[in-house]
Amino acid sequence: MKKTSTLKAKEVYDMLHHIPEGRVTTYEDLAAALGFPRASRAIGRILHNNPNPIVVPCHRVVMSDGTIGGYAFGQARKKQILTQEGVRFFGNSMANFSRLRLTVAELR
DNA sequence: GCCATGGCTAGTA
DNA sequence: GCCATGGCTAGTA
């Protein structure tokens with residue numbers, strides 16, 4: 001089978017701007033919204049090279065089970081930023097995760 | 001071959 | 001805990 005298209009980093013970064021403060025999405029949902037439903041791991045890899053962590057809110061992307069997920073500057077920093085935005089945690093799990101998670105439709 | 005994921009199975013307690 | 005997945009990098013030939 002020939003591969004017809006690939007995930008574009010720019011599309012991933014652009015989509016992050018659709019996430020309001022205090023809300024989150026997941027690696028899986030970003031992949032799905034871009035039409036690559038099995039590319040969650042690739043999304044994580046792309047976010048890892050985020051060239052502009054100041055303006056691109058990659059801290060709003062978490063694991064599909066509501067746990068914190070990775071961050072280039074450490075999970076503690078990621079949790080701290082999310083907490084500032086109003087997200088509450090139990091350990092590494094978010095409170096009200098299902099309420100804070102955008103739908104795939106909302107991401108687009 | 002590595003990795004900022006995710007889904008599924010085996011098998012413990 | 002295993003492994004499929006997709007994008008990337010190092011490093012062989």
Side-chain angles (χ1 to χ4, degrees):
Chain A
M1 276 296 252
K2 180 186 277 191
K3 175 179 297 191
T4 58
S5 64
T6 59
L7 193 49
K8 294 293 189 304
K10 180 173 192 305
E11 298 181 330
V12 177
Y13 297 137
D14 287 348
M15 195 161 281
L16 296 187
H17 295 120
H18 304 175
I19 313 170
E21 195 174 303
R23 303 289 304 277
V24 296
T25 189
T26 67
Y27 302 95
E28 179 184 33
D29 289 348
L30 279 173
L34 292 170
F36 297 83
R38 286 156 312 223
S40 57
R41 192 91 189 245
I43 295 280
R45 224 187 166 300
I46 287 168
L47 293 186
H48 184 59
N49 335 329
N50 179 358
N52 205 342
I54 311 295
V55 307
V56 179
C58 55
H59 61 277
R60 296 183 189 146
V61 186
V62 301
M63 299 269 244
S64 61
D65 64 356
T67 56
I68 184 92
Y71 196 59
F73 305 106
Q75 294 188 322
R77 181 80 184 122
K78 183 173 183 176
K79 194 195 281 192
Q80 179 183 60
I81 298 170
L82 285 169
T83 299
Q84 276 178 165
E85 299 189 348
V87 178
R88 310 279 308 263
F89 285 88
F90 298 116
N92 274 344
S93 291
M94 301 178 39
N96 294 315
F97 171 58
S98 59
R99 300 296 198 303
L100 302 185
R101 180 184 190 171
L102 296 184
T103 65
V104 172
E106 286 171 326
L107 267 181
R108 288 188 283 245

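Because only heavy atoms are used, hydrogens play no part in the values below, and waters and symmetry mates are left out as well, while side chains stay in. Chain A is the first sequence line, chain B the second, and so forth, proteins listed ahead of strands; every chain is numbered from 1.
Across residues 77-104 of chain A, not one residue has a non-hydrogen atom less than 4.0 Å from an atom of DNA chain C. DNA chain C lies under 4.0 Å from at least one heavy atom of each of the following residues of residues 9-46 of chain A: A:R38, A:A39, A:R41, A:A42, A:R45.
Per the geometry, CG belonging to A:L7 stands 12 Å off C1' belonging to C:dC8, to the nearest Å. Distance, A:N49 CG to C:dG6 P: 18 Å, rounded to whole Å. In this structure, A:L47 places its CG atom 14 Å from C1' of C:dG6, rounding to the nearest Å.
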For DNA chain B, the dot-bracket pattern of Watson-Crick and G-U pairs whose distances stay under 3.5 Å, | for other-strand partners = |||.||||.....

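Hydrophobic clustering (ILVMFWY, side-chain heavy atoms < 4.5 Å, transitive): A:I46 and A:V55 are in one cluster.
Between A:R60 and A:L16 the shortest side-chain heavy-atom distance does not fall below 4.5 Å.
Evaluated for a side-chain contact (heavy atoms from CB on, under 4.5 Å) with A:I43, the options A:T26, A:T25, A:L7, A:D29 yield exactly one hit, A:L7. Checking A:E106, A:R108, A:R101 one by one against A:V104, the side-chain contact (heavy atoms from CB on, under 4.5 Å) holds for a single residue, A:R108.
Legend: ring pair (Phe, Tyr, Trp, His ring centres under 6.0 Å) pairs involving residues 4-30 of chain A, not counting sequence neighbours: none detected. Judged as a ring pair (Phe, Tyr, Trp, His ring centres under 6.0 Å), the pairs with a partner in residues 52-88 of chain A (not counting sequence neighbours) are, in order, A:Y71-A:F73.
Judged by distance alone, with hydrogens and angles left aside, the side-chain atoms of A:Q75 form a donor-acceptor pair with the main-chain N or O of A:G69 at under 3.5 Å. Side chain of A:K79 to backbone of A:G91: a donor-acceptor contact under 3.5 angstrom is found.
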request  = Using the side chain to side chain contact (heavy atoms under 4.5 Å, CB included) rule, take A:D14 and A:V12 through it: C-alpha gap first, then chi angles, then the decisive distance, then the call.
outcome  = CA-CA 5 Å; A:D14 287 348; A:V12 177; over 6 Å; no

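A:V62 belongs to a hydrophobic cluster whose other members, connected by ILVMFWY side-chain contacts under 4.5 Å either directly or through intermediates, are A:V24, A:I68, A:L82, A:V87, A:F89, A:M94, A:F97, A:L100.
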